[in-house]
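Everything quoted here is computed from the prediction, not taken from an experiment.
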Amino acid sequence: GLEMWIGSAVGIALRYALYFAGAPAMLEEHLELNSPITSHLRLKEGLFLLHQSISPYAGDTCHYPPLLLLFLERLDQVSPLAVFSFLVLLD
């Protein structure tokens with residue numbers, strides 16, 4: 001009950017504190033925290049390729065589902081914080 005909501009709120013607050021402290025830039029290349037499916041760097045590259053009208057699936061860069069990538073591209077046009085907030089909401 002209440003403990004779950006408190007734990008969730010603390011986790012969300014911690015994620016935003018780390019985001020604003022610049023942790024994503026420091027952690028995105030650590031192999032211990034990333035896989036081809038969860039890599040934030042590959043997501044950014046896929047969004048860049050999509051923005052340049054190049055298929056992000058032509059190579060072995062992007063492993064995100066196409067509809068999710070299109071949705072995140074729209075959010076990225078709003079702000080990178082919107083993408084981060086959506087990913088926190090998914091978690």
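Residues D76 and K44 are not paired through a salt bridge, judged by the lack of any N-O separation under 4.0 Å between the basic side chain and the carboxylate.
Hydrophobic clustering of Ile, Leu, Val, Met, Phe, Trp and Tyr side chains at less than 4.5 Å, counting indirect connections, unites Y57 with L68. A single hydrophobic cluster is seen to contain both V83 and L90, as judged by linkage of ILVMFWY side chains at heavy-atom distances under 4.5 Å, directly or through other members.
Expressed to the nearest 0.5 Å, how far NE2 of H63 lies from CZ of R42 amounts to 4.5 Å.
Of all non-hydrogen atoms in L47 and L72, the two that sit nearest each other are CD2-C, 3.9 Å.
The backbone N or O of G11 sits nowhere less than 3.5 Å from a side-chain atom of Y16 that would complete a donor-acceptor pair.
Looking at Y19 and S85, their side chains never come closer than 4.5 Å, going by heavy atoms from C-beta outward. At least one side-chain heavy atom of L43 sits under 4.5 Å from a side-chain heavy atom of L87.
Under the rule for a side-chain contact (heavy atoms from CB on, under 4.5 Å), the partners of L18 that lie at least two apart in sequence or sit in another chain are L14, A23. With sequence neighbours excluded, no residue satisfies ring pair (Phe, Tyr, Trp, His ring centres under 6.0 Å) with F48.
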Q) Are L50 and L70 close enough, and set up right, to give a side-chain contact (heavy atoms from CB on, under 4.5 Å), and what steps lead you there? A) CA-CA 8 Å; L50 198 59; L70 288 172; 3.7 Å; yes

Q) Run the side-chain contact (heavy atoms from CB on, under 4.5 Å) check on L69 and C62 step by step: do they pass? A) CA-CA 9 Å; L69 195 62; C62 186; 3.7 Å; yes

Q: Step by step, work out the side-chain contact (heavy atoms from CB on, under 4.5 Å) result for F86 and L81.
A: CA-CA 9 Å; F86 177 71; L81 182 60; over 6 Å; no

**Q.** side-chain contact (heavy atoms from CB on, under 4.5 Å) between F84 and R15, worked out
**A.** CA-CA 10 Å; F84 177 76; R15 287 186 79 166; 4.2 Å; yes

